[in-house]
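Single-structure report; data block below.
Proteins get letters first, then strands, A, B, ... in listed order; numbering begins at 1 in each.
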Amino acid sequence: MKILRWLSPLFLSTMAACAWWMAGRPGLPELDQLIFSHAVHHENDVECDKCHAGIEAAVDTSKSFTPTEEVCLECHDKDDNCKQCHTAARTRGTRQAHVSELGFSHQTHMERTKETGCVTCHDGIQDSTELPVAKPSMAKCLTCHNHNQDYAQARCLDCHPSMQRLPLAAVAEFDHSGDWMARHGMQARVQADSCQQCHTQSTCSECHSRAAPAASVKIYPEAVERELLHRGDWISAHAIEARADGDTCLRCHQDSGFCVSCHTQSGLTAGATNGRVPHPPGYANRGGQAFHGDEARVRIETCVACHDQGAASNCVECHKSGGIGGSPHPPGWGTTHERDDVGENPMCRTCHSTR
Amino acid sequence: MRTLAFVLTVSLVTGSTTQAAEVRGTFSTLLAAREDPQNEEAVASIPLYELVAMEVDALEIPGMDRSRVVLQGFGRLQLGDDELTEHSADLGLFYLDAETGPMKLKLGRQHLPYGVGRMALIDGIDGRVDLGAGFSAKGFFGFTVHPELRHRTDNWQGGGRLAFNLATLGHLGEVGAAYLLRRQKGADRRHELGVDAFTVLGPTNWVALAVLNPAEQALVEARLSGTYRASAAWSVTVDAERVSPELFLPLNSIFSVFADASHDAFGAEIHFAPSPYYTVDLAGHAMLLAEEYLGYRATLRGVTYREPSHRSLIGAELRLLDEDNNGYLRGRLFTGLQLFQPFRVSADIFVYRFAEDINGEELSLLAQASVVYDITSSMRVAGTITGGTTPWAEAQVEGMLRFAYGWDVDLAREVGP
């Protein structure tokens with residue numbers, strides 16, 4: 001308990017620090033913004049390429065065409081009144097690095113939009129009075145380009161060559177909001193190609209790899225925003241989760257020995273010293289609330305989790321012809337299984353002869 | 001696999017016509033120890049682990065339009081008192097991903113995420129080809145991976161998926177049919193046929209799949225999910241699923257003669273994000289066992305962010321699970337705070353209230369705090385301490401240290417969503 005004495009204050013202090021920090025949201029330090037009006041420049045008949053020189057020949061977005069201060073000073077005089085152009089000159093920092101995020105050729109597009117000009121894509125920029133100016137949205141691209149087929153197949157890389165480097169923004173059908181953890185498997189099975197636009201299988205392997213040394217919740221404990229399984233006191237909760245939705249467990253832990261191996265190691269199996277039998281009281285009594293036959297019919301995965309699945313399964317010691325357990329087959333079995341199946345299926349021959 | 005790994009490695013390292021244009025890698029060293037509640041001695045809960053994740057992009061391979069190699073693996077070192085007592089290493093993934101014209105190819109150790117592959121790990125080949133007219137076909141074959149690079153040649157699986165893109169008909173979506181045959185120890189372990197569909201209808205999108213066991217002519221699994229996206233601020237998703245025991249039992253398992261029930265779940269989820277500073281998610285599902293009501297699970301989660309980039313946040317979560325008069329209520333508070341550029345701290349606290357006592361205890365409390373320091377843009381050290389009281393330990397404490405490093409490494413991705 002000693003650890004709790006200082007762990008609790010540590011945790012509470014961290015939470016309090018975060019609350020204090022978050023409360024400061026309205027008081028964010030003012031960052032420098034350039035005071036610039038496209039509208040004023042447009043009214044004074046300044047052509048776009050006067051400031052964005054060379055953009056008409058750009059075949060990709062690797063180079064930034066945002067004008068530097070030197071370009072401004074070609075027309076404007078530099079004076080001591082910094083606030084004429086800067087909102088907070090004291091915090092003025094270096095320009096953010098230009099990141100190429102799009103496979104796009106201004107050259108090709110400007111050749112085709114000579115009559116309508118830059119506003120064909122940069123809609124409304126001639127009326128904008130401040131910075132930053134929003135880049136054309138993807139919807140604007142789709143007014144000319146028919147992307148239906150690309151979109152349905154999630155062929156993004158032709159235009160977005162660097163998606164793996166971008167944050168996984170919510171993109172229509174492919175976003176990751178809400179209970180994505182529960183739904184992502186089904187999406188991947190139907191649209192695996194979509195996932196691969198942004199992810200390699202390394203992402204999957206963080207959780208799904210059979211060779212993973214530890215659960216991702218152990219490897220990335222600081223990633224509190226991520227939806228990860230096995231958080232918190234999983235040791236206590238896992239039995240409840242398994243009983244409520246054992247299917248989900250078995251999607252990853254498919255080996256019959258997975259549960260029993262850990263339980264054996266922890267001395268929880270029946271054969272261990274001070275072992276804990278997992279079967280509830282009355283499981284051997286027919287008609288009881290937890291009679292094992294009824295449980296096996298509806299929760300076979302809980303039996304499979306520990307018991308051997310081979311022909312030597314302890315079930316057939318009793319459930320066999322002449323055994324005290326009687327027939328193991330559920331009602332209607334004979335209507336869906338032919339007698340001739342016995343010869344073809346080794347499982348049947350555990351109890352039945354082929355004659 | 002050793003031969004395959006050798007071929008891939010040699011082609012990467014020495015191939016005169018193979019050139020790596022971009023390499024990204026993350027190497028993480030992990031070490032965790034906890035206090036043994038019985039004797040208060042420190043024991044290793046995670047021995048010395050070295051995790052490696054590498055992507056070699058834009059390889060120039062003759063005849064290929066686009067190529068990359070993905071590698072993920074780990075090495076483990078368990079130190080004894082005075083000597084090395086245990087060690088191991090394994091490959092999680094190691095595959096070449098190449099594309100030429102209408103064909104795509106993956107060769108090596110890889111997952112099978114699509115169709116009825118169920119994320120199986122194989123050493124083999126997976127290919128895709130566009131057949132034209134909206135049709136495409138995928139196929140795979142490989143040996144089922146077992147830990148420690150071992151194989152059994154009679155443990156293999158093969159299958160594929162045939163898809164038709166609805167865009168050919170002027171509609172967003174795709175329908176497909178998938179097949180899988182998995183053999184183990186010379187016998188059929190799994191034999192499945194699946195059909196699936198994805199489509200967008202106005203502001204809604206739908207995903208559905210059904211998997212059949214052709215031998216038993218039984219439904220193995222069926223799932224349906226539909227999302228109505230009212231706006232960027234909120235959406236509603238409804239989903240339903242049915243799972244049969246065939247999904248979990250090998251075809252040759254004696255247990256299949258006992259099983260006679262389906263597991264169902266249906267429910268809805270609401271996602272609400274009124275601004276870049278807040279998100280609220282509410283999900284609830286009813287569970288049925290053998291078509292009788294079993295219980296429900298529900299989650300309410302709210303997060304507030306300090307800035308639109310979501311680097312600093314505070315969140316709260318409530319999860320309620322009720323299953324046949326058993327279950328729990330879990331409360332969680334969590335926070336992540338980017339104090340300034342190289343420093344990030346996070347804290348997480350969980351409180352469980354169990355419907356039935358576990359080991360005589362009704363409550364469980366675990367708290368966790370982490371400090372992350374980015375030494376450089378490609379080097380990070382993170383420390384975490386976890387402690388609390390649970391039904392199994394009156395007081396428990398665990399500490400973990402992680403050191404991540406690499407080149408051209410995108411650390412935001414390492415901890416990203």
Among [options], single out the residue with the greatest number of heavy-atom pairs under 4.5 Å to chain A.
{"options": "B:Leu112, B:Asn326, B:Thr199, B:Val257", "result": "B:Val257"}
{"options": "B:Asp239, B:Val303, B:Thr279, B:Thr237", "result": "B:Thr237"}
{"options": "B:Gln217, B:Arg301, B:Gln110, B:Met287", "result": "B:Arg301"}
{"options": "B:Ala53, B:Gly194, B:Pro113, B:Ser225", "result": "B:Pro113"}
{"options": "B:Glu361, B:Met400, B:Arg332", "result": "B:Arg332"}

Contacting region of A:Glu227 [heavy-atom separation from chain B under 4.5 Å]: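 For A:Glu227, the contact with chain B is made by the side chain alone.
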Below 4.5 Å from any heavy atom of chain B, which atoms of A:Ala239 appear? Answer side chain, backbone, both or neither.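 For A:Ala239, neither part sits under 4.5 Å from chain B.
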Would you say the ring centers of [X] and [Y] fall short of 6.0 Å from each other?
{"X": "B:Tyr277", "Y": "B:Tyr305", "value": "no"}
{"X": "A:His329", "Y": "B:Phe258", "value": "no"}
{"X": "B:Tyr352", "Y": "B:Phe350", "value": "no"}

Contact origin within [X] toward chain A - heavy atom pairs under 4.5 Å:
{"X": "B:Leu282", "result": "neither"}
{"X": "B:Ala197", "result": "backbone"}
{"X": "B:Asp281", "result": "side chain"}

Could you tell me whether a side-chain N or O of B:His263 sits under 3.5 Å from a main-chain N or O of A:Val298, the two making a donor and an acceptor?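 Such a contact is found between B:His263 side chain and A:Val298 backbone.
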Going by heavy atoms in the side chains, are B:Thr386 and A:Pro221 under 4.5 Å from each other?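 They are not in side-chain contact.
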Ignoring hydrogens, what is the shortest heavy-atom contact between B:Leu51 and A:Ile219? Give both atom names and the distance.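 Result for this residue pair: CD1-CD1, 3.8 Å.
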Identify the two heavy atoms, one from B:Ala347 and one from A:Val224, that lie closest to each other, and give their separation to 0.1 Å.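 Between these two residues, the closest heavy atoms are O-CG1, 3.9 Å.
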